[in-house]
Student: 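Got a structure for you, written out below as structure tokens; questions coming shortly.
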Amino acid sequence: MASPLPTTLDIYFNGHTSDAKRTRFSNGSLRHSHRKFFIHCTISKSTPEAPPSSDEPDAKNPSLSEQLRPLVNTTLSTSSTHQSHVLSKPKSTWFNPTKPKRSVLSHQRHKRSTYTYNPQIRDLRLIAQNLNDCDASESDFLAVLEEIPTPVTKENALLILNGLKPWQKTLLFFNWVKKQNSFPMEPILYNVTMKSLRFGRQFQLIEDLAHEMIEKDIKMDNITYSTIISCAKKCYLFDKAVHWFERMYKTGLMPDEVTYSAILDVYARLGKVEEVLSLYERARATGWKPDPITFSVLGKMFGAAGDYDGIRYVLQEMKSLGVQPNLVVYNTLLEAMGKAGKPGFARSLFEEMLDSGITPNEKTLTAVVKIYGKARWAKDALELWERMRQNNWPVDFILYNTLLNMCADVGLVEEAETLFSDMKQSEHCQPDSWSYTAMLNIYGSEGNVDKAMEVFEEMSELGIDLNVMGCTCLIQCLGKALEFDDLVKVFETSVERGIKPDDRLCGSLLSVVSLSQNSNDEEKVLACLQQANTKLVAFIKLMVEEKTSFETVKEQFKSIMSESSVEVRRPFCNCLIDICRNKDMQDRAHELLYLGTLYGLYPGLHNKTAEEWCLDVRSLSVGAAQTAMEEWMGTLTRMVQREEELPGLLIAQTGTGVHKFSQGLGMSLASHLKKMEAPFRQSEDKAGYFVATRDDLVSWVKSKVPSVAVTN
DNA sequence: GTAGGGTTAG
């Protein structure tokens, strides 16, 4: 999506920006723990060919990278034993009495031309309207232009230009005005035209106009540059944005804060956090007081990086500079808190926003509802919903859909049904494919096949497309209910309607394979899976053959996992283990668990302190948890027999299933432990914990010998 | 959308 930066500005921090580790401290200061970085600078090769003019880059004026060089050398590059404050004390860091600071931005915004009343405004607006409405053909357009009072003045032309809508019309009119040649073409005319082109994402045309300005020696100003930069950004042409920004400096034009924050956003979207901070800090050092928009850019950047300290830093900067966050800043920071996985801080920030007297809008509420849902904070989510109704806070269909997803996340079926029917009765928030998908998710997770199928039928009747997620939810639901024929039907229809099965859908089918109780059903599901992932089916057939060697399984397992997206690897492995256990192939299940651990699919499975060892099976399926437990018991038994040192307490943690729909791992492990006659007992004060003391274990091992197989 | 920059969904 993001195109790489071109040759104009490359800053390397030990090779990778993302490696630059920052540590922030409680006072909000930001320190760099990586030191050696340097700027590599080459002048852009893509500087447009244009005849020399006064607006051409001047060797006297440094490029952005040249300007940044002293910054990096003086503030960021330090010895390995010294950590420099970069953001906390900018002035002390920057002050160098022997060299005057070079400014990076103008503290004065570009002055707009003053508005003068135009008595013909109504007529001109009408002409603009007629131009918008007329056919795009040259003759029709020209016929409307006849209505313009002649000779056309700059003011009249501007008024019409401002009212034109599709960019094609704006360009036609702009070219016509140029051809009239009745007044000199000032930058404002180009700026207004560029703005219209930006709506149509016509970057090339904007760039053509920019080159025309250079050619005709029409001075580009901050408004021209910020329009070019924001259009480039809209078109994901980040290299172009940087190119034009650098060109400003080279021509001796200083960006003001609007252009500056636009370019900060460009670097932020490229994930170039260090560059953004350098630019920000460099400008701050000249005494610039950033406005809320700049802080919104920084907040979004830190959110995208999941950087909680960064978000706090933004809040602290605003506080120390006396900048009051506005609604957009709060929305951005709330969203960022969600991305950084900090629901508690998001909640406090939301309350702070309300206390400051700001009324939340749809975006605020969407962000907060989503955060509470993902955190499974049912109580907070329901309270918030109640407050929304009491305060008559604004709702739109995205918020409705987010509320439905929250209901799915925390398992609120009735509330979701109420919301869904509210939507159906509403005027502006009719349920769409997102809403229906959420309902499929809710009924599917609950295991309510009838309701899920009802939703599916309703979608077909209303012509609402089923998407891959809805299909996955349905298949999961039908699988759990062992409705294999309906499952095949849903899968086949979905594929016919153009759904491309993804890894998650394959995972869903795979879990159904592990649930099937006879080979007939299994074949039906495997036939579906065959269409989605041939290799996976081949692997299943291979691994359930007793004669397949461990080495072969290992090789194929590795290949399957590396071809699958990261988020499905553990579920895949869990399902494969379950399939083996259903076929009483315990040895193979143990091999798979070993491979899963080997390839890092189960991080944090074993946790050890001096006092206690814990087996955390919360992210494992029932079969995988049983396998892990057996494996652990085997290890512990051998340790007892060898009289190795053991902690006083041994714990198996299943969790309680915070999600209402996903409980049952504890119960199944309890019955498995009973079958194994293992010494673990369900903890009385901590749900989801199975505990054994060292003494329990030792006496159990002694009583079991020689029935427990001992291998070294 | 009144010549320019920032915020909503698996």
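Convention: sequence-line order gives letters A, B, ...; per-chain numbering from 1. Only a predicted model underlies this, so the values are computations on that prediction, with no experimental measurement involved.
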Student: Any base atoms under 4.0 Å from A:K233, or only sugar-phosphate, or nothing? Heavy atoms, all strands.
Tutor: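 It contacts sugar-phosphate atoms only.
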
Student: Tell me what A:V328 touches on the nucleic acid: a base, only sugar-phosphate, or nothing, going by heavy atoms under 4.0 Å.
Tutor: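 Base: the residue A:V328, judged by heavy atoms under 4.0 Å, touches a nucleobase.
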
Student: So where does chain A start and stop touching DNA chain B, 5' to 3', when the test is distance under 4.0 Å to a non-hydrogen atom?
Tutor: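 Reading along DNA chain B, I get B:dG1 to B:dG10.
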
Student: Categorize A:T294 for me: base, sugar-phosphate, or nothing, with a 4.0 angstrom heavy-atom threshold over every strand shown.
Tutor: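 Base: the residue A:T294, judged by heavy atoms under 4.0 Å, touches a nucleobase.
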
Student: Could you tell me which residues satisfy side chain to side chain contact (heavy atoms under 4.5 Å, CB included) with A:E212, sequence neighbours excluded, listed by chain and number?
Tutor: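 Testing A:E212 for side chain to side chain contact (heavy atoms under 4.5 Å, CB included), a comparison that skips the adjacent residues, returns A:F174, A:K178, A:Y190, A:L209, A:K216.
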
Student: Considering every strand and a 4.0 Å limit on heavy-atom distances, what is the contact class for A:T364: base, sugar-phosphate, or nothing?
Tutor: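 Contact class for A:T364: none.
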
Student: Rounding to the closest angstrom, what is the interatomic distance between B:dG1 and B:dG5 at atom C1'?
Tutor: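 Each nucleotide's C1' atom is 15 Å from the other's.
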
Student: Given the P atoms of B:dT2 and B:dG6, what is the spacing between them in whole Å?
Tutor: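 Approximately 14 Å lies between the P atom of B:dT2 and that of B:dG6.
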
Student: For A:Q324, enumerate each residue passing the side chain to side chain contact (heavy atoms under 4.5 Å, CB included) test, keeping only those at least two apart in sequence or located in another chain.
Tutor: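 Applying side chain to side chain contact (heavy atoms under 4.5 Å, CB included) to A:Q324 gives A:Y330, A:S356.
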
Student: Run the side chain to side chain contact (heavy atoms under 4.5 Å, CB included) test against A:E417 and tell me which residues pass, sequence neighbours left out.
Tutor: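 Partners of A:E417 by the side chain to side chain contact (heavy atoms under 4.5 Å, CB included) criterion, ordered by chain and then number, come out as A:V413, A:E414, A:M439, A:Y443, A:K451.
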
Student: Could you tell me whether A:S261 contacts a base, only the sugar-phosphate backbone, or nothing, with contacts defined as non-hydrogen atoms closer than 4.0 Å?
Tutor: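 If one applies the 4.0 Å heavy-atom cut-off, A:S261 turns out to touch a base.
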
Student: Got a sec, which residues hit ring-ring contact (aromatic ring centres under 6.0 Å, His included) with A:F420, two or more places apart in sequence or on another chain?
Tutor: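 Partners of A:F420 under the ring-ring contact (aromatic ring centres under 6.0 Å, His included) test: A:Y436.
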
Student: Just checking A:N222: base, sugar-phosphate only, or nothing, at a heavy-atom cut-off of under 4.0 Å?
Tutor: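 Base: the residue A:N222, judged by heavy atoms under 4.0 Å, touches a nucleobase.
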
Student: Heavy atoms only, 4.0 Å cut-off, all strands: where does A:K111 land among base, sugar-phosphate and nothing?
Tutor: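 Counting heavy atoms under 4.0 Å across all strands, the contact made by A:K111 includes a base.
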
Student: Name the nucleic acid region contacted by A:V329, choosing base, sugar-phosphate or nothing; use a 4.0 angstrom heavy-atom cut-off, strictly under.
Tutor: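 Touches a base.
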
Student: For DNA chain B, which residues of residues 198-208 of chain A approach it to below 4.0 angstrom with any heavy atom?
Tutor: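 Residues of residues 198-208 of chain A that come under 4.0 Å of DNA chain B are, in numerical order, A:R198, A:F199.
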
Student: Taking salt bridge (Lys or Arg N to Asp or Glu O under 4.0 Å) as the definition, give me every residue that meets it alongside A:R387, ordered by chain and number, with sequence neighbours left out.
Tutor: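 Result, salt bridge (Lys or Arg N to Asp or Glu O under 4.0 Å) vs A:R387: A:E351.
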
Student: For A:F397, report the nucleic acid contact type (base, sugar-phosphate, nothing); a contact means any heavy atom under 4.0 Å.
Tutor: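 The answer is base, as A:F397 lies within the cut-off (heavy atoms under 4.0 Å) of a base atom.
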
Student: What's A:T224 touching, base or sugar-phosphate or nothing? Going by heavy atoms closer than 4.0 Å.
Tutor: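 No contact.
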
Student: Going by ring-ring contact (aromatic ring centres under 6.0 Å, His included), name the residues that satisfy it together with A:Y260, two or more places apart in sequence or in a different chain.
Tutor: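 Per chain and number, A:Y260 pairs via ring-ring contact (aromatic ring centres under 6.0 Å, His included) with A:W288.
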
Student: Can you tell me if CZ on A:R389 sees more than 12 non-hydrogen neighbours from other groups inside 6.0 Å?
Tutor: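 Yes, CZ of A:R389 has more than 12 neighbouring heavy atoms, counting only those of other groups under 6.0 Å.
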
Student: If the condition is side chain to side chain contact (heavy atoms under 4.5 Å, CB included), which residues does A:T364 pass it with, not counting sequence neighbours?
Tutor: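 A:T364 satisfies side chain to side chain contact (heavy atoms under 4.5 Å, CB included) with A:L327, A:N331, A:L334, A:F350, A:M353, A:P360, A:N361 once adjacent residues are dropped.
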
Student: Between the side chains of A:E415 and A:W385, is a donor N or O closer than 3.5 angstrom to an acceptor N or O?
Tutor: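 Looking only at side-chain atoms, A:W385 and A:E415 do not form any donor-acceptor pair under 3.5 Å.
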
Student: Base, sugar-phosphate or nothing for A:N401? Non-hydrogen atoms, less than 4.0 Å.
Tutor: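 Result for A:N401 = base.
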
Student: Pick base, sugar-phosphate or nothing for A:N326, based on heavy-atom distances below 4.0 Å to the nucleic acid.
Tutor: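 Base: the residue A:N326, judged by heavy atoms under 4.0 Å, touches a nucleobase.
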
